[in-house]
Peer 1: 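To start, I am sharing the structure in question, which I have written as structure tokens.
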Amino acid sequence: MAILPILQIESDDVPKLAIVCGDPFRAAAIASKLDDAVELGHAREYRTFKGRYKGVELAVVSHGVGCPGAAVCFEELIKAGVTTIIRVGTAGSLSGSFAAGSLIVSTAAAREEGLTRQLVPSGFPAVADSQVTDALYEAALASNPPGAVAKGITLTIDAFFSGAVELPHETYKRAGVIAVEMEISALYVIAALRGIRAGAIVALDGDSTAVDEGYDPHRNIVAEAVEAEIRAALEAMTVLARHEG
């Protein structure tokens, strides 16, 4: 039985299906919805739980902020035998059509971050698995108003606050990209490289172009959207479990 060196858990303890998120406290909140949940480990930003949802065994793991640290989490989960990963997170809106509190299922991610440039050529796409995308979208639609749920391309970047160089938000907004966050492209590229299924759903927490003026992800409307996306991810996993293996 091998110990995963970064997650600091035993590989044989990890189920084949995993929900990942940035925040260790959110991982605990997701795990609280599982039956027979147990915490397997907590090292650095990586907090790992396992349990069952409607009879389906799942892992829930936090990966921190940004692609490099998140990639370590994804790689070690895959080494432990995980075959399906869903990321549950928050994102800034790039579209006036979707306000804070909306749910976005990411079908693909624009790669404006540094990590994946060291893994694959620049033209390599970061694309979600279609089974995972469909399951997430249908689960989200089933319990939320149609206007509050969308699917489309998201943007992954490294920078949160602006600097001397203009961030690419407006360019991608004109291209029809819906939302911006910091980890999805790494998940999709690593999933493609390692031959697993991956997808992501994010709750919009505000206008991505207004972060420097004021950012408040702790509003009730955002908390409710996070709860809704967690439910969608859990329900999607019950569907995906039937196609596992």
Side-chain angles (χ1 to χ4, degrees), residues 7 9-10 13-43 45-65 70 73-74 77 80-91 100-106 128-129 131-145 148-149 151 181 183-184 187 196-205 217-244:
L7 298 183
I9 56 175
E10 294 181 348
D13 287 339
V14 182
K16 290 186 176 182
L17 308 177
I19 293 175
V20 299
C21 61
D23 184 356
F25 293 103
R26 184 171 296 156
I30 298 170
S32 73
K33 303 179 188 303
L34 305 180
D35 296 325
D36 304 319
V38 295
E39 185 168 359
L40 300 179
H42 190 176
E45 64 265 49
Y46 309 109
R47 193 174 185 184
T48 306
F49 300 85
K50 76 171 179 178
R52 295 182 179 274
Y53 182 78
K54 296 185 176 179
V56 175
E57 190 175 36
L58 303 171
V60 180
V61 190
S62 61
H63 54 62
V65 177
C73 174
F74 307 151
L77 289 176
V82 169
T83 56
T84 301
I85 298 176
I86 290 176
R87 167 163 152 70
V88 172
T90 54
S102 300
L103 301 183
I104 307 298
V105 175
S106 171
D129 178 87
Q131 279 187 338
V132 180
T133 297
D134 289 347
L136 280 170
Y137 188 61
E138 290 168 12
L141 282 178
S143 58
N144 296 279
V149 179
K151 59 181 175 179
E181 56 77 69
E183 295 88 17
I184 291 175
L187 173 59
I196 72 155
R197 301 183 298 182
I201 184 169
V202 291
L204 297 186
D205 59 12
H218 304 297
R219 291 168 290 162
N220 287 338
I221 193 171
V222 178
E224 291 168 0
V226 169
E227 281 293 309
E229 68 173 346
I230 290 170
R231 289 194 301 271
L234 290 169
E235 291 295 334
M237 279 301 198
T238 67
V239 174
L240 295 166
R242 295 200 291 268
H243 303 286
E244 180 64 26

Peer 1: Mind listing the closest non-hydrogen atom pair of Ala200 and Ile184 along with its distance?
Peer 2: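 That would be CB-CD1, 3.6 Å.
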Peer 1: To check you understand the geometry: which heavy-atom pair defines the closest contact between Ala128 and Ser106, and what is its length?
Peer 2: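 Minimum heavy-atom separation between Ala128 and Ser106: CB-O, 3.5 Å.
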Peer 1: Would you name the heavy atoms of Pro15 and Val82 that are closest together and state the gap between them?
Peer 2: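 Looking at all heavy atoms of both residues, the closest pair is O-CG2, 3.2 Å.
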Peer 1: Go through Leu17 and Ile86 one step at a time and tell me if the side chain to side chain contact (heavy atoms under 4.5 Å, CB included) criterion holds.
Peer 2: CA-CA 8 Å; Leu17 308 177; Ile86 290 176; over 6 Å; no
Peer 1: With heavy-atom distances below 4.5 Å as the criterion, would you say the side chains of Glu181 and Thr90 are in contact?
Peer 2: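 Sidechains of Thr90 and Glu181: no contact.
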Peer 1: Just how far is it from atom NZ of Lys50 to atom CG of Leu40, taken to the nearest 0.5 Å?
Peer 2: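 One finds 6.0 Å between NZ of Lys50 and CG of Leu40.
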Peer 1: Could you list the residues that satisfy salt bridge (Lys or Arg N to Asp or Glu O under 4.0 Å) with Glu227, not counting sequence neighbours?
Peer 2: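 For Glu227 the salt bridge (Lys or Arg N to Asp or Glu O under 4.0 Å) partners, ignoring immediate neighbours, are Lys33.
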Peer 1: In Å, rounded to the nearest 0.5 Å, how long is the span from OH of Tyr53 to CD1 of Ile19?
Peer 2: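 Tyr53 OH to Ile19 CD1: 9.5 Å, rounded to 0.5 Å.
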Peer 1: Donor-acceptor pairs are to be reported for all side-chain atoms of residues 54-65 against protein atoms at under 3.5 Å, with residues two or more places apart or in another chain.
Peer 2:
| from | atom 1 | to | atom 2 | distance (Å) |
| --- | --- | --- | --- | --- |
| Lys54 | NZ | Glu235 | OE1 | 3.2 |
| Lys54 | NZ | Glu235 | OE2 | 2.7 |
| Ser62 | OG | Glu45 | O | 2.6 |
| Ser62 | OG | Arg47 | N | 2.8 |
| His63 | NE2 | Arg87 | NH1 | 3.4 |

Peer 1: If you look at every heavy atom in Arg26 and Gly89, which pair is closest and at what distance?
Peer 2: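 Closest pair (atom of Arg26, atom of Gly89, distance): NH1-CA, 3.9 Å.
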Peer 1: Which distance, rounded to the nearest 0.5 Å, do you find between the CD1 of Ile201 and the CD1 of Ile230?
Peer 2: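 That separation rounds to 10.0 Å.
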Peer 1: Any side-chain to backbone donor/acceptor pair from Glu229 onto Val88? Under 3.5 Å, distance only.
Peer 2: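 The answer is no, because no donor-acceptor pair under 3.5 Å joins these two groups.
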Peer 1: Tell me, please, which residues at least two apart from Ile196 pass side-chain contact (heavy atoms from CB on, under 4.5 Å).
Peer 2: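 Testing Ile196 for side-chain contact (heavy atoms from CB on, under 4.5 Å), a comparison that skips the adjacent residues, returns Ile78, Ile85, Ala191.
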Peer 1: For Leu240, is there any backbone N or O sitting under 3.5 Å from a side-chain donor or acceptor partner on Arg197?
Peer 2: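 It does hold such a pair.
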Peer 1: Quick check: do Val149 and Glu138 have side-chain heavy atoms less than 4.5 Å from each other?
Peer 2: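 The answer is no, as the side chains (C-beta and beyond) never meet within the 4.5 Å cut-off.
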Peer 1: Provide the closest heavy-atom pair for Ala225 versus Ala203 in the form atom of the first, atom of the second, distance.
Peer 2: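 Nearest heavy atoms, Ala225 then Ala203: CB-CB, 3.7 Å.
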Peer 1: Would you check, one step at a time, whether the test side chain to side chain contact (heavy atoms under 4.5 Å, CB included) holds for Glu39 with Ile9?
Peer 2: CA-CA 10 Å; Glu39 185 168 359; Ile9 56 175; over 6 Å; no
Peer 1: How far does OH of Tyr46 sit from CG of Leu77, to the nearest 0.5 angstrom?
Peer 2: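 Atom-to-atom, Tyr46:OH and Leu77:CG are 10.5 Å apart.
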Peer 1: Can you tell me how far apart CD1 (Ile30) and CZ (Phe49) are? Round to the nearest 0.5 Å.
Peer 2: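 One gets 9.5 Å once the value is rounded to the nearest 0.5 Å.
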